[in-house]
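The structure appears right after this line, and notes come after that.
These figures come from a predicted structure and were not determined experimentally.
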Amino acid sequence: MEPTPLRALFLEKRDALVWHPGLALPNSRLQVSPLKDCVTLVDPTSPYSFLNYLALHGRLYSFVNKRNASTSRQEFIEYYRWVAGRLKTLRFSEVVNDVIPFRDGYRISTNTTTYLARAVVVGVGVEPKIPACARSLLCGTLYHAADYLERPLPQAAEHVLVVGRRSEWR
């Protein structure tokens, strides 16, 4: 929202930022440029940019001197957590219990307090999509990639097949 005059409050029921937890494999890399961060394409001078994060943490020179402009998923998760920790408009551990029309807006009741708002946007998160033909087959050995790290890791002799849409491979 910065530096606009808009006022907003973001409520998150989790107690900390979580980004693709089932895919945060050791040594995994981002598949897109880290400059597609929270702000760079809109405001390259923002204090919330990934490059500013690297500079403040003493890692900018090592990043720009790497062979490619990629970074690890874990470092990007740390970057997202760093941004989240700096935002005054983000509240963790706030469970929304009710949204009720009230006067010219809404009354939002959470586990800790009540808010009044003129508009409400509901974000329920990204849900893994399982094709209808595979839903009845879900089990301990057939599951969505989002659950990968929550399952026992495959053994060295096992075979693993990853199925996805071609548009997701880019």
Side-chain angles (χ1 to χ4, degrees), residues 1-94 119-135 137-138 141-154 158-170:
M1 305 303 297
E2 293 176 21
T4 73
L6 296 173
R7 292 181 13 189
L9 182 64
F10 299 88
L11 306 175
E12 170 58 54
K13 71 178 179 179
R14 292 184 173 129
D15 59 355
L17 184 129
V18 178
W19 184 64
H20 300 253
L23 297 173
L25 304 167
N27 301 318
S28 60
R29 313 290 297 166
L30 278 185
Q31 294 174 319
V32 298
S33 168
L35 298 182
K36 292 182 179 178
D37 59 15
C38 296
V39 295
T40 296
L41 297 177
V42 174
D43 179 8
T45 63
S46 170
Y48 299 113
S49 73
F50 182 66
L51 294 177
N52 186 48
Y53 164 79
L54 291 173
L56 291 173
H57 289 85
R59 297 200 301 262
L60 181 58
Y61 286 105
S62 64
F63 174 78
V64 297
N65 288 319
K66 286 193 295 188
R67 189 173 197 188
N68 60 32
S70 181
T71 192
S72 71
R73 291 178 69 84
Q74 189 57 46
E75 182 166 48
F76 218 63
I77 291 168
E78 291 168 17
Y79 158 69
Y80 278 148
R81 289 183 179 148
W82 174 79
V83 171
R86 299 169 75 95
L87 299 175
K88 295 175 179 70
T89 58
L90 175 58
R91 307 262 167 83
F92 287 103
S93 301
E94 287 259 6
V120 174
V121 176
V122 178
V124 296
V126 177
E127 295 293 324
K129 292 184 176 43
I130 308 291
C133 64
R135 287 186 195 127
L137 303 172
L138 293 175
T141 57
L142 179 70
Y143 49 86
H144 192 279
D147 299 326
Y148 182 76
L149 290 179
E150 297 172 13
R151 307 286 182 146
L153 295 177
E158 290 184 281
H159 296 277
V160 176
L161 172 65
V162 178
V163 179
R165 293 190 343 233
R166 183 148 180 81
S167 63
E168 294 173 347
W169 297 347
R170 293 184 187 131

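- Between atom CG of residue L54 and atom OG of residue S62 there is a gap of 7.5 Å, rounded to the nearest 0.5 Å.
- Contact record, L30 with R73: N-CG, 4.0 Å, taken as the closest heavy-atom pair.
- Shortest non-hydrogen contact noted between T71 and K66 is CA-NZ, 3.9 Å.
- Between F76 and Y79, the ring planes lie tilted relative to each other; the angle falls in the 30° to 60° range.
- A search for salt bridge (charged side-chain N to carboxylate O under 4.0 Å, His left out) contacts involving E75 returns R59, not counting sequence neighbours.
- Using a distance-only test at 3.5 Å, with no hydrogens or angles considered, a donor-acceptor pair links the side chain of N52 to the main chain of P47.
- Remark: K88 pairs with no residue by the side-chain contact (heavy atoms from CB on, under 4.5 Å) rule, at least two apart or across chains.
- Using a distance-only test at 3.5 Å, with no hydrogens or angles considered, a donor-acceptor pair links the side chain of N65 to the main chain of Y61.
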N/O donor to acceptor pairs below 3.5 angstrom from side-chain atoms of residues 10-24, sequence neighbours left out:
residue, atom, partner, partner atom, Å
E12, OE2, R14, N, 3.0

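- How far OH of Y53 is from OH of Y80: 12.5 Å, rounded to the nearest 0.5 Å.
- Heavy atoms only, all atoms of each residue included: L51 and L60 are closest at CD2-CD1, 3.9 Å.
- The nearest pair of heavy atoms linking K36 to L41 is CG-CD1, 4.1 Å.
- Across F63 and P34, no two heavy atoms sit closer than the pair CZ-CG, 3.6 Å.
- Heavy-atom minimum distance, D37 versus V39: OD1-N, 2.9 Å.
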